[in-house]
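One structure is given below, represented as structure tokens, and several questions about it will come after.
We're numbering straight along the sequence, starting at 1.
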Amino acid sequence: MKYLIIGGGGFVGSWLTHELISRGHSVAIIDPFIYYSDLDKDRTRKINNFKKKYLLKGVKIYHKKFEDGGEKILEKEKPDILIHLAGIPLERTDDIEISLKQLTEDVVLTYRIIEIVKKIPLKKIIFMSSISAYGDCEDVIDEDYRLLPKTPYGISKASGEFLVKAQLNNWNIIRTTNIYGFADLNERACNIIVGKILKGKNFWINKNIMMDFIYVKDLVAGIAEVSLKAPAKEVFHISGNNAISLTKFVNILKKHFTFEYEIRDIQDRPRRGTMNNKKAKKMLGWFPKMSIDKGVIDYVKYVKEYGIA
């Protein structure tokens with residue numbers, strides 16, 4: 001199968017590229033390689049080298065934004081499957097510039113892709129959404145739970161879903177949750193915490209946060225299964241299926257590192273629960289292979305080998 005991944009150079013995209021190539025598929029990616037966190041230059045260099053040598057080896061890379069020639073690339077590559085991962089994968093409600101980009105540029109990009117896809121024959125387009133599209137969801141939820149996002153990131157994902165459903169017929173939507181693993185340059189919770197541990201810095205965590213963690217290798221295997229096996233017009237949770245507190249996650253890290261941290265009581269995020277993934281298991285035969293403990297062990301191997309989070 002021939003794939004084109006928009007956003008294929010990012011954290012999820014690069015691991016997904018590796019997964020698909022490992023399965024014998026052909027992959028091209030479009031990515032401007034722009035990041036939205038305060039980046040340490042040495043860490044950025046090491047992670048980009050890791051991606052180049054391990055995850056993106058032998059891949060055709062279009063180093064640009066989709067809006068700068070994406071239609072021509074689609075016409076040239078003629079992929080069977082298009083996977084749309086592009087966007088700013090951060091919930092930064094305190095950063096107005098990032099929020100505005102999510103509400104405007106990210107939504108416009110999805111609409112632009114849809115309008116082009118209408119003119120180009122594809123077997124399937126996959127849109128990557130998020131638990132953030134739900135807003136508050138404290139209980140165990142399935143794919144039919146209402147969308148009521150509370151953050152600009154969640155709104156951009158829910159808007160993308162509505163656009164895809166309204167305009168196309170050959171789609172699948174994947175909602176995932178708190179991804180962790182090595183080679184993330186956009187600073188999710190796990191990488192921030194481990195980065196501070198490695199540098200001996202003090203940090204605090206919010207005791208009220210619940211996260212349904214999924215290891216990146218499990219996630220990309222799930223995306224691949226959706227792309228190859230899922231019938232059209234279906235939404236899937238590719239998730240860990242087990243929300244735990246951030247405190248519990250940090251205590252798992254204590255099995256591998258020595259550190260102290262502070263616990264605070266703050267109500268500043270949408271409330272989250274478990275994303276039930278029984279549909280993916282039943283229809284696709286997919287389920288996460290890595291428990292949270294096993295996933296952390298695998299992640300820590302990379303951290304200790306490269307000396308970075």
Side-chain angles (χ1 to χ4, degrees), residues 1-31 33 47-62 77 79-87 89 122-130 171-186 188 190-191 212-230 234 236-241 275 277 279-281 283-292 294-303 305-306:
M1 202 72 72
K2 191 170 186 180
Y3 288 82
L4 180 64
I5 305 176
I6 304 171
F11 174 44
V12 174
S14 55
W15 279 104
L16 176 59
T17 298
H18 177 69
E19 173 74 16
L20 294 171
I21 289 175
S22 299
R23 294 180 180 220
H25 302 292
S26 172
V27 182
I29 69 174
I30 305 174
D31 199 303
F33 293 89
I47 287 179
N48 281 331
N49 285 340
F50 171 79
K51 288 181 180 179
K52 182 178 179 180
K53 293 178 181 179
Y54 182 62
L55 301 181
L56 301 177
K57 186 177 180 179
V59 176
K60 183 181 285 188
I61 300 174
Y62 293 94
E77 292 295 330
D80 301 299
I81 297 172
L82 178 68
I83 300 179
H84 175 17
L85 304 178
L122 290 170
K123 289 185 178 179
K124 183 178 291 187
I125 177 171
I126 293 175
F127 176 72
M128 196 73 184
S129 188
S130 166
W171 56 265
N172 285 125
I173 290 168
I174 294 173
R175 297 183 192 130
T176 193
T177 177
N178 302 98
I179 313 158
Y180 69 101
F182 187 70
D184 182 10
L185 282 170
N186 275 321
R188 290 169 175 82
C190 175
N191 305 83
D212 187 359
F213 285 99
I214 183 167
Y215 192 47
V216 67
K217 292 182 181 179
D218 275 330
L219 172 63
V220 298
I223 297 172
E225 292 301 298
V226 171
S227 73
L228 296 166
K229 297 179 181 178
E234 292 285 353
F236 291 92
H237 283 174
I238 301 298
S239 65
N241 201 53
M275 293 176 68
N277 61 29
K279 181 178 178 180
K281 185 174 182 180
M283 294 182 67
L284 310 175
W286 175 87
F287 56 93
K289 301 287 195 304
M290 294 276 202
S291 67
I292 187 71
K294 289 181 179 179
V296 167
I297 288 171
D298 194 62
Y299 170 51
V300 168
K301 287 179 184 177
Y302 292 103
V303 171
E305 179 180 353
Y306 290 89

Practice task
Quick one: closest heavy-atom pair of Ala183 and Lys51, and the distance?
Solution key: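 Smallest interatomic distance, heavy atoms only, reads O-CE, 3.5 Å.
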Exercise for the section: Can you see which heavy atom on Leu16 is nearest to which on Val220, and at what distance? Expected result: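 Answer, listing the atom of Leu16 first, then Val220: N-CG1, 3.4 Å.
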Handout entry: Note, Tyr54 side chain near Tyr302 side chain (heavy atom, < 4.5 Å)
Key =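 Sidechains of Tyr302 and Tyr54: in contact.
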Problem - Between OG1 on residue Thr177 and CG on residue Asn241, distance to nearest 0.5 Å - result: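 One finds 11.0 Å between OG1 of Thr177 and CG of Asn241.
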Practice task
Work out which heavy atom in Ile29 is nearest to a heavy atom in Phe33; give both atom names and the distance.
Solution key: CD1-CZ, 4.4 Å
Problem - Met275 backbone acceptor or donor facing Asp212 side chain under 3.5 Å - result: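 Present.
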Problem - Beyond-backbone contact of Arg188 with Asn178, side-chain heavy atoms, under 4.5 angstrom - result: no
Exercise for the section: Output all residues satisfying side-chain contact (heavy atoms from CB on, under 4.5 Å) with Ser291, sequence neighbours left out; order by chain, then residue number. Expected result: Asp293, Lys294
Exercise for the section: Begin from the C-alpha positions of Asp31 and Leu85 and carry the test side chain to side chain contact (heavy atoms under 4.5 Å, CB included) through to its verdict. Expected result: CA-CA 10 Å; Asp31 199 303; Leu85 304 178; over 6 Å; no
Problem - Electrostatic pair Lys301:Glu305 at N-O distance under 4.0 angstrom - result: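 Salt bridge: no.
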Fill in the blank from the handout: All heavy atoms of Ile179 vs all of Thr176, minimum pair found to be CD1-CG2, 3.9 Å
Exercise for the section: Apply side-chain contact (heavy atoms from CB on, under 4.5 Å) to Lys52 and list each qualifying residue two or more places apart in sequence or on a separate chain. Expected result: none
Handout entry: Rounded distance [0.5 Å steps], CG in Leu228 versus CE in Met1
Key =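 CE of Met1 is found 5.5 Å from CG of Leu228.
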Handout entry: Cationic N near anionic O, under 4.0 Å, Lys281 to Glu225
Key =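 Not counted as a salt bridge, because no side-chain N and carboxylate O are separated by less than 4.0 Å.
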Problem - side chain to side chain donor-acceptor pair (under 3.5 Å) against Ser239, all qualifying residues, sequence neighbours excluded - result: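 In terms of side chain to side chain donor-acceptor pair (under 3.5 Å), with neighbours along the sequence ignored, Ser239 is linked to no residue.
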Practice task
In sequence, state the C-alpha distance, the side-chain angles, and the governing distance for His25 and Asp80, and then conclude on side chain to side chain contact (heavy atoms under 4.5 Å, CB included).
Solution key: CA-CA 11 Å; His25 302 292; Asp80 301 299; over 6 Å; no
Practice task
Starting at CD1 of Ile238, measure out to NZ of Lys279 and round the result to the nearest 0.5 Å.
Solution key: 10.5 Å
Completion exercise
Contacts of Ala230 meeting side-chain contact (heavy atoms from CB on, under 4.5 Å) (sequence neighbours excluded), chain-then-number -> Lys124, Asn172, Val226, Phe236, Leu284
Handout entry: CH2 on Trp15 to CG on Leu20, rounded to 0.5 Å
Key = 13.5 Å
Exercise for the section: For the pair Phe182 and Tyr299, name the ring-plane relationship: parallel under 30°, tilted 30 to 60°, perpendicular over 60°. Expected result: tilted
Practice task
Using the six-membered ring of Phe287, assess whether NZ or CZ of Lys289 lies under 6.0 Å from its centre and within 45 degrees of the ring axis.
Solution key: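 Satisfied, under 6.0 Å and within 45°.
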Without placing hydrogens or testing angles, list every side-chain donor-acceptor pair under 3.5 Å for residues 6-13, not counting sequence neighbours.
none

Practice task
Grab the two heavy atoms, one from Tyr180 and one from Cys190, that are nearest each other, plus how far apart they are.
Solution key: CB-CB, 3.7 Å
Handout entry: Leu219 side, atom CG; Ile214 side, atom CD1 - distance, nearest 0.5 Å
Key = 5.0 Å
Problem - Where Gly240 and Asn277 come nearest, the two heavy atoms and their spacing - result: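 Closest heavy-atom pair between Gly240 and Asn277: C-ND2, 4.0 Å.
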Problem - Matching residue for Trp171 among Ile125, Leu82, Ile126, Leu122 - test: side-chain contact (heavy atoms from CB on, under 4.5 Å) - result: Ile125
Handout entry: Nearest-0.5 Å distance that lies between atom CE in Met283 and atom NZ in Lys229
Key = 12.0 Å
Problem - Under 3.5 Å donor-acceptor, Trp286 side chain and Ile223 backbone - result: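 Checked: no pair found.
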Exercise for the section: Apply side-chain contact (heavy atoms from CB on, under 4.5 Å) to Ala28 and list each qualifying residue two or more places apart in sequence or on a separate chain. Expected result: Leu4, Lys60, Tyr62, Glu77
